[in-house]
Participant: 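Before I ask anything, here is the structure I am working with.
No hydrogens, no waters, no symmetry mates; every other heavy atom, side chains included, goes into these values.
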Amino acid sequence: MMILLIILHILVSIALIAIVLLQSGKGAEMGASFGASGSQSVFGAGGGTTFLSKLTTGAAIIFMLTSLTLAYLSGQPGTSSIMPSKGIPTSTPQKAAPAPTTKPQQPVPPAQQAPVNAPAK
């Protein structure tokens, strides 16, 4: 299921990029730079909804839905990792610590240091 969603997501994102690049901008005509709306005046100020703009809307909706679904599924606790051996280390049973001895140990005296003579000035 997850692989199918990832493949669909990649295909829709490539299609969305291609569809957006195929469309011409609002100011693509020479007359638009001087304020003339040209052929878009038939449909009003906003222009008509073309096939490519409908296709862009559909691809964007599918892209958003697959993005949200993939984000939701990746946050579930039951998902497996692609690197299971690098996950959380398993706890190995430790050997029991040896019992302390009953004889108290005597403190070791600090080492005697010779006084350091400072050089005369």
Side-chain angles (χ1 to χ4, degrees):
M1 169 88 173
M2 188 79 134
I3 295 172
L4 180 68
L5 280 174
I6 292 172
I7 292 171
L8 178 66
H9 188 71
I10 291 171
L11 290 176
V12 168
S13 61
I14 292 171
L16 190 59
I17 291 169
I19 294 167
V20 168
L21 289 176
L22 283 175
Q23 294 181 25
S24 63
K26 294 267 184 193
E29 298 151 357
M30 187 61 150
S33 63
F34 299 110
S37 57
S39 64
Q40 294 179 357
S41 63
V42 174
F43 300 108
T49 306
T50 63
F51 174 72
L52 283 177
S53 65
K54 288 180 183 178
L55 204 58
T56 305
T57 304
I61 290 171
I62 294 171
F63 180 81
M64 290 295 174
L65 289 176
T66 55
S67 296
L68 290 173
T69 306
L70 286 171
Y72 177 75
L73 290 177
S74 67
Q76 295 298 317
T79 59
S80 63
S81 174
I82 60 171
M83 298 178 61
S85 63
K86 300 290 182 187
I88 300 171
T90 57
S91 60
T92 56
Q94 300 278 335
K95 289 184 178 179
T101 58
T102 56
K103 289 185 355 183
Q105 295 181 354
Q106 295 182 357
V108 178
Q112 295 289 332
Q113 293 183 351
V116 178
N117 293 331
K121 291 187 179 181

Participant: Are any of the side-chain heavy atoms of Ile19 and Gln23 separated by less than 4.5 Å?
Facilitator: yes
Participant: What's the separation between atom CD1 in Ile10 and atom CZ in Phe63, rounded to the nearest 0.5 Å?
Facilitator: 10.5 Å
Participant: As an exercise, state the distance from CG of Leu70 to CG of Leu65, rounded to the nearest 0.5 Å.
Facilitator: 11.0 Å
Participant: Does the side chain of Leu73 reach to within under 4.5 Å of the side chain of Leu5, using non-hydrogen atoms?
Facilitator: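 A side-chain contact exists here, since the closest heavy-atom pair is under 4.5 Å.
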Participant: Counting neighbours of CG on Leu21 that are heavy atoms of other residues, nucleotides or ligands and sit closer than 6.0 Å, is the number greater than 12?
Facilitator: yes
Participant: About how many Å separate CD1 of Ile61 and CG of Leu16, when rounded to the nearest 0.5 Å?
Facilitator: 11.0 Å
Participant: Given Thr66, which partner from the list Ile7, Ile6, Leu8 fulfils the side-chain contact (heavy atoms from CB on, under 4.5 Å) test?
Facilitator: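 The residue from Ile7, Ile6, Leu8 that satisfies side-chain contact (heavy atoms from CB on, under 4.5 Å) with Thr66 turns out to be Leu8.
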Participant: If you group Ile, Leu, Val, Met, Phe, Trp and Tyr by side-chain heavy-atom gaps below 4.5 Å, do Val12 and Leu4 land in one group?
Facilitator: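 Different hydrophobic clusters.
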Participant: If you define the side chain from C-beta out and look only at heavy atoms, does anything of Thr69 sit under 4.5 Å from His9?
Facilitator: no
